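Quantities reported herein were computed from a predicted structural model and do not represent experimental measurements. Each ligand, and each atom within it, is numbered from 1 in the order the structure gives. Residue indices begin at 1 and follow the sequence shown.
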Amino acid sequence: MPNINTLTDEEQLLKQGFLDVEVDPTIDIFSEIEKIKKEKNAIVLAHYYQEPDIQDVADFIGDSLGLAQQAATTSADMIVFAGVHFMAETAKILNPQKKVVLPDLNAGCSLASSAPPDLFKKFKEQHPNHVVISYINCTAEVKALSDIICTSSNAKAIIDSVPADKEIIFAPDRNLGAYLKKVTGREMVLWNGACQVHELFSLEKITHLKEKHPEAKLIAHPECEEAILNIADFVGSTSGLLKFTKNDNSQSFIVATEQGILHKMQNASPEKTFIPAPPDNSCACNECPYMKLNTLEKLYLCMKYEKPEILMDEELRIAAKKPIDKMLEISARYGL
Ligand code: 13P
Ligand code: SF4
């Protein structure tokens, strides 16, 4: 990591899109971020998978649906998105007049990358009469090819809103899709994509953990594989999982999703025990490497310099907005 001593050097690196610079260690980043928020009328939106420091400076922490709803209604001039690219892109699609910045432009998503738009277009052409429902974890190009967007919080309501005689394509997550087929009883054609974090939980290790902690409830995100979901006591989106841990009277939980959410769970229920579900090897695979590219330092720099910025082709933006608006409309109808 280069040592940046002067503002000019720092600006130089920022021009090259390189935000991984050392911040002056004498400044208090937390209070600087608060200052910039006021000066620039900026809002920090953070996903539950962000590191604890980022969650602590955020104005709103939420799941993909909550974040999209906040982005759709904020009066801030600048949206600072502490999440991954498809989330910031969704905020930009909803706010063409506002500046949307993401601390690290490389914060992608394996699920979004598993659906390249040209292949997805061909896939859609093979099923010309199907309604296309795409999980929000996809690119703007795939959104533009979709009829309705959904998240794990509202997917059932979105699928239920499609007339029973209509056939459905669900993309890009095959695990969420298979789970939703069961929950809704609808036959759907699935795109073969997956999240690299949620696919790696080990059934064997989780089973051992359950034996060791028979009192603990297993809670899982629906991006996990079917074998994990089959033994879970509760399946839900990140906000659904958090809500469950607050309301359920169990004192301990094995959590099968990205471990960033444990920060919020522990804050909300300090007396309860949260055990991260283990992946099938010794890596830190239950950490999303894309979400974790964002750091507090990069967040500060991106607020200060208003870069890297999400920019979009206007025609694409308009096409991608239609299915997102539909999702927001249906969610509001069901009070989600
Ligand atoms: P939710 O926050 O909507 O549950 O999604 C989880 C996820 O993997 C986001 O990338
Ligand atoms: Fe994508 Fe999975 Fe990371 Fe979520 S946890 S951003 S779905 S790779």
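Near Met87, meaning under 4.0 Å from one of its heavy atoms, ligand 1 places the atoms 9 (C), 10 (O). The ligand atoms of ligand 1 that sit less than 4.0 angstrom from a heavy atom of Thr238 are 1 (P), 2 (O), 4 (O). Ligand 1 places these atoms under 4.0 Å from at least one heavy atom of His221: 1 (P), 4 (O), 5 (O), 6 (C). Near Ser237, meaning under 4.0 Å from one of its heavy atoms, ligand 1 places the atoms 4 (O). Near Glu223, meaning under 4.0 Å from any of its heavy atoms, are these atoms of ligand 1: 6 (C), 7 (C), 8 (O). Residue Asn137 approaches ligand 2 through these ligand atoms, each under 4.0 Å from one of its heavy atoms: 7 (S). Close contacts of ligand 1 with Tyr135, meaning ligand atoms under 4.0 Å from a residue heavy atom, involve 5 (O). Listed by number with element, the atoms of ligand 1 under 4.0 Å from a non-hydrogen atom of Ser152 are 1 (P), 3 (O), 4 (O). Contact atoms of ligand 1 toward Asp63: 1 (P), 2 (O), 3 (O) (distance under 4.0 Å to a heavy atom of the residue).
Under the 4.0 Å criterion applied to side-chain N and carboxylate O atoms, Glu89 and Lys143 are not assigned as salt-bridge partners.
Looking only at distances, no side-chain donor or acceptor of Asp104 sits under 3.5 Å from a matching main-chain atom of Asn294. Asp248 places no side-chain N or O within 3.5 Å of a backbone atom of Phe244 that could act as its donor or acceptor partner.
Relative ring orientation between Phe253 and Phe274 is described as parallel, the plane-to-plane angle staying below 30° on a 0-90° scale split at 30° and 60°.
Residue side and main chain included, Cys288 places an N/O/S atom under 2.8 Å of atom 3 (Fe) of ligand 2. Put simply, Cys109 stays out of reach of atom 2 (Fe) of ligand 2, with no N, O or S atom under 2.8 Å from it.
Within the 4.0 Å heavy-atom cutoff, His47 does not count among the residues contacting ligand 2.
Residue contacts with ligand 1 for Tyr290 are absent, since no atom lies close enough (heavy atoms, distance under 4.0 Å). For His47, every heavy-atom contact with ligand 1 shorter than 4.0 Å involves the side chain, none the backbone. Neither the backbone nor the side chain of Tyr48 has any atom closer than 4.0 Å to an atom of ligand 1 (non-hydrogen atoms only).
None of Thr151, Thr238, Ile136 except one satisfies the side-chain contact (heavy atoms from CB on, under 4.5 Å) rule with Leu65; the exception is Thr151. Under the side chain to side chain donor-acceptor pair (under 3.5 Å) test applied with Asn175, the options Glu226, Glu223, Glu199 reduce to a single match, Glu199.
The nearest protein atom to atom 10 (O) of ligand 1, hydrogens excluded, is given as Asn137 ND2, 3.3 Å; this is a heavy-atom distance. From the protein, the heavy atom lying nearest to atom 2 (Fe) of ligand 2 is Cys195 SG, 2.3 Å.
A donor atom on one side chain and an acceptor atom on the other are found under 3.5 Å apart for Gln259 and Glu287. Using modelled atom types and a 3.5 Å distance limit, the side chains of Ser110 and Tyr290 yield no donor-acceptor pair.
No path of Ile, Leu, Val, Met, Phe, Trp and Tyr side chains, each step under 4.5 Å between heavy atoms, connects Trp191 with Met188, placing them in separate hydrophobic clusters. Under the 4.5 Å side-chain heavy-atom criterion for ILVMFWY residues, no single connected hydrophobic cluster contains both Tyr135 and Phe123. No path of Ile, Leu, Val, Met, Phe, Trp and Tyr side chains, each step under 4.5 Å between heavy atoms, connects Ile324 with Ile318, placing them in separate hydrophobic clusters.
Close N/O approach between Ser64 and ligand 1 is found [any backbone or side-chain N/O within under 3.5 Å].
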